[in-house]
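Structure record follows, encoded as structure tokens.
A quick note: this is a predicted structure, and the numbers were derived from the prediction, not measured. In what follows, chains carry the letters A, B, and so on, assigned in the order in which the sequence lines appear, proteins first and then strands, with residues in each chain numbered from 1.
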2 protein chains.
Amino acid sequence: MKELLRTKGFKTTPQRELIFDCFFSLGKHVTVDELYQKVRELDPSVGHSTVWRNLKLICQLGLAEEVNIGDGITRYDRTTPKPHGHFFCRSCKKLLEFDVGSVMGALVEAAHEVKFEPDGYKIEIQGYCSDCRQASRPNDAATGSANDERKA
Amino acid sequence: MKELLRTKGFKTTPQRELIFDCFFSLGKHVTVDELYQKVRELDPSVGHSTVWRNLKLICQLGLAEEVNIGDGITRYDRTTPKPHGHFFCRSCKKLLEFDVGSVMGALVEAAHEVKFEPDGYKIEIQGYCSDCRQASRPNDAATGSANDERKA
DNA sequence: ATTGAAAATGAAAGTCGTTTTCAATTGGCG
DNA sequence: CGCCAATTGAAAACGACTTTCATTTTCAAT
Ligand SMILES: [Mn+2]
Ligand SMILES: [Mn+2]
Ligand SMILES: [Zn+2]
Ligand SMILES: [Zn+2]
């Protein structure tokens with residue numbers, strides 16, 4: 001890790017090491033604030049912007065990539081050898097991963113047809129996970145309109 | 001159109017009619033500001049928030065849905081009978097649509113396997129469209145890192 | 001036509017995650 | 001060591017989205 005940083009011309013600092021460690025110890029799909037909280041448990045002096053900057057750096061190094069599910073909060077997902085898709089539960093906001101190997105062929109071909117050169121894939125299925133469906137059985141119609149109540 | 005509004009309990013106003021008309025006359029994937037500009041060509045007195053609110057209303061009526069590609073700008077896409085995917089060009093920021101019929105089966109099955117109940121699909125392929133690739137042939141390496149220049 | 005309650009409007013302000021600024025500190029090579 | 005560029009942290013800036021509120025308008029019921 002230090003090696004990778006050095007060879008790319010970045011310095012190793014205590015904050016950076018801590019942030020990197022925390023990031024990789026936390027699960028996938030971490031938000032800046034989640035990581036910030038985790039880091040501050042171990043060193044409350046670390047600043048928010050430092051966490052943010054190092055998260056960006058982690059992405060720059062190719063160790064993670066941003067995931068944007070449309071709720072305005074960027075999540076950082078450890079890079080996986082092959083692209084994967086996400087099930088996003090509208091209720092608990094959790095992301096489940098699934099293999100997209102079976103659909104990549106068709107997508108690449110569709111791109112080819114219109115001479116589009118793909119370099120990134122975002123396959124996200126929204127809905128409700130089994131946990132949440134069980135929990136809210138009686139009124140899953142209500143939970144279904146998560147953010148549609150304007151003038152209720 | 002007026003009928004639909006009335007039956008749902010919404011009022012018809014000159015601004016609303018203008019905004020609806022402009023929205024449907026513009027192409028797909030419209031941003032609030034794009035629609036705002038278009039509307040103001042015809043009536044400069046219409047406010048930004050009115051455009052925004054009516055765009056939300058159009059979604060509420062099921063005539064459009066929000067598309068969030070991760071650049072922080074919400075686009076509004078006219079509802080299509082069946083879900084479609086998007087090619088998003090990192091260079092010109094345009095969205096090309098493509099049919100996802102051939103991959104829906106696999107996705108639905110993948111969801112089934114983990115007891116996830118899907119109700120929304122977002123299939124977005126990022127990359128470079130044929131126009132942009134031709135235009136920037138000599139230095140497509142540079143354009144390739146659209147937003148990766150932090151300390152260039 | 002008149003009227004009044006509810007909805008809609010527009011300007012301005014508020015929200016909130018992201019990003020930048022800047023002075024002070026620090027890492028690491030020579 | 002000693003220097004210089006990289007890094008840090010606090011605070012401010014940014015920007016799209018959303019809400020607030022006083023005023024205006026719609027429209028159903030007189
Ligand atoms: Mn993931
Ligand atoms: Mn579309
Ligand atoms: Zn859930
Ligand atoms: Zn393009």
Secondary-structure string, 5' to 3', Watson-Crick or G-U under 3.5 Å, | for another-strand partners, for DNA chain D
||||||||||||||||||||||||||||||

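Following chains of ILVMFWY side-chain contacts shorter than 4.5 Å, one can reach Val67(B) starting from Phe88(B), so the two form part of one hydrophobic cluster. Leu95(B) and Leu26(B) fall into different hydrophobic clusters, where Ile, Leu, Val, Met, Phe, Trp and Tyr are joined by side-chain heavy atoms under 4.5 Å apart, directly or via other members. Note: the hydrophobic cluster containing Val100(A) also contains Val114(B) (ILVMFWY, side chain heavy atoms under 4.5 Å, direct or indirect links).
Summarising the geometry, the separation between CZ on Arg16(B) and C1' on dT25(D) is reported as 12 Å, rounded to the nearest angstrom. Whole-Å rounding puts the Arg40(A) CZ to dT8(D) P distance at 15 Å. One can place NZ of Lys93(A) at 14 Å from P of dG17(C), the figure rounded to the nearest angstrom. Protein atom CG of Asp33(B) is 13 Å distant from nucleotide atom P of dT18(D), rounded to whole Å. Rounded to whole Å, the distance from CG on Leu55(B) to P on dA16(D) is 15 Å. For Tyr36(B) and dT9(C), the OH to P distance is 14 Å, given to the nearest whole Å. What separates CG of Leu5(B) from C1' of dT26(D) is a distance of 13 Å, to the nearest Å. Between the NE2 atom of His48(B) and the C1' atom of dA8(C) there is a distance of 16 Å, given to the nearest Å.
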Verdict with supporting geometry, Glu65(A) and Arg78(A), salt bridge (Lys or Arg N to Asp or Glu O under 4.0 Å)
CA-CA 6 Å; Glu65(A) 48 193 46; Arg78(A) 269 183 282 176; over 6 Å; no

Assess whether salt bridge (Lys or Arg N to Asp or Glu O under 4.0 Å) is satisfied between Lys56(B) and Glu66(B), documenting all intermediate values.
CA-CA 9 Å; Lys56(B) 287 288 189 182; Glu66(B) 302 191 347; 2.5 Å; yes

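Contact detail for Phe24(A) and Ile58(A): the closest heavy-atom pair is CZ-CG2, 4.5 Å. Nearest heavy atom pair, residue Tyr128(A) against residue Cys89(A), reads CA-SG, 4.0 Å.
Here the rule is side-chain hydrogen bond (donor to acceptor under 3.5 Å, both in side chains) with Arg16(B), and of Asn54(B), Asp21(B), Thr50(B) only Asn54(B) fits it. Here the options are His29(A), Lys28(A), Glu124(A), the test is side-chain hydrogen bond (donor to acceptor under 3.5 Å, both in side chains), and the partner is His86(A); only His29(A) passes.
In this structure a side-chain-to-backbone donor-acceptor pair under 3.5 Å is present from Arg133(A) to Lys115(B).
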What pairs of nitrogen or oxygen atoms, one from the protein and one from nucleotides 26-30 of chain C, lie under 3.5 Å apart?
residue: dG27(C); atom: O3'; partner: Thr12(A); partner atom: O; Å: 3.1
residue: dG27(C); atom: N2; partner: Lys11(A); partner atom: NZ; Å: 3.1
residue: dG27(C); atom: N3; partner: Lys11(A); partner atom: NZ; Å: 3.2
residue: dG28(C); atom: OP1; partner: Thr12(A); partner atom: N; Å: 3.2

Which protein N or O atoms sit under 3.5 Å from an N or O of nucleotides 20-23 of chain D?
residue: dT20(D); atom: O4; partner: Arg53(B); partner atom: NH1; Å: 3.2

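By the 4.0 Å N-to-carboxylate-O rule, Arg90(B) lies close enough to Asp119(A) to be salt-bridged with it.
Checking the phosphate oxygens (OP1, OP2) of dA8(C), no side-chain nitrogen or oxygen of Asn54(B) falls inside 4.0 Å. Note on Lys56(B): every side-chain N or O is 4.0 Å or more away from OP1 and OP2 of dC17(D). For Thr50(B), no side-chain nitrogen or oxygen approaches OP1 or OP2 of dA8(C) to under 4.0 Å.
Here Phe87(B) and Phe98(B) bring their ring centres to under 6.0 angstrom of each other.
Proximity note for Ser45(B) (side chain, C-beta onward) versus dA16(D), dG10(C), dT18(C): the nearest is dG10(C).
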